[in-house]
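Only heavy atoms go into these numbers, but all of them, side chains included; no hydrogens, no water, no symmetry mates. This is a predicted model, so every value here is computed, not measured.
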Amino acid sequence: MARNKSNDKRVFYSDQMHQLNYFSHLYDHNQNVDKFLKCLCAIGTLDNKTHLEVFKIVRDELGYPLP
């Protein structure tokens, strides 16, 4: 499943598990991405970032291309 680019400006909220599931799905449930996002959520790094900003963080930190 490809990302819905119309959602790129939506704000990411760490306390909403459906958002983590959405990102995990876009990266084919990659365990590295899943653990990385959960870690960033735990320390509050992703709060109030846009979806596009989160995708870019994954790209920059883990080397995975934007879905």
Margin query: For a side-chain contact (heavy atoms from CB on, under 4.5 Å) check, start with the C-alpha distance between L52 and L66, then their side-chain angles and the critical distance, and finish with the verdict.
Written below: CA-CA 9 Å; L52 184 58; L66 275 63; 3.8 Å; yes
Next item on the list: Verify side-chain contact (heavy atoms from CB on, under 4.5 Å) between L62 and I57, making sure each step is shown before the conclusion.
Entry: CA-CA 8 Å; L62 299 179; I57 290 170; over 6 Å; no
Checklist line | side-chain contact (heavy atoms from CB on, under 4.5 Å) evaluation trace for F55 with L26 | finding: CA-CA 10 Å; F55 289 125; L26 290 175; 3.5 Å; yes
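In this pair, H51 and F23 present their aromatic rings perpendicular. The plane angle is above 60°, beyond the 30 to 60° band.
Residue pairs meeting the salt bridge (Lys or Arg N to Asp or Glu O under 4.0 Å) criterion with at least one partner in residues 49-58, sequence neighbours excluded, do not occur; the list is empty.
Contacts of K38 classified as side-chain hydrogen bond (donor to acceptor under 3.5 Å, both in side chains), with partners at least two apart in sequence or in another chain: D34. Qualifying side chain to side chain contact (heavy atoms under 4.5 Å, CB included) partners for H29, counting only residues two or more places apart in sequence or in other chains: S24, H25. Every residue two or more places apart in sequence or in another chain was checked for a side-chain hydrogen bond (donor to acceptor under 3.5 Å, both in side chains) with N21, and none qualifies. For N32, the side chain to side chain contact (heavy atoms under 4.5 Å, CB included) partners are N30, Y64, not counting sequence neighbours. With sequence neighbours excluded, the residues forming a side chain to side chain contact (heavy atoms under 4.5 Å, CB included) with N48 are V11, Y13, listed by chain and number.
Put simply, CG on L40 and OG on S14 are 8.5 Å apart, with the number rounded to the nearest 0.5 Å. Here the straight-line distance linking atom OH of Y27 with atom CZ of R3 works out to 8.0 Å at 0.5 Å rounding.
Atom CZ of R10 has 12 or fewer neighbouring heavy atoms from other residues, nucleotides or ligands inside a 6.0 Å radius.
Here the side chain of R59 pairs no donor or acceptor atom with the backbone of P65 at under 3.5 angstrom.
Across T50 and D8, no two heavy atoms sit closer than the pair CB-O, 3.4 Å.
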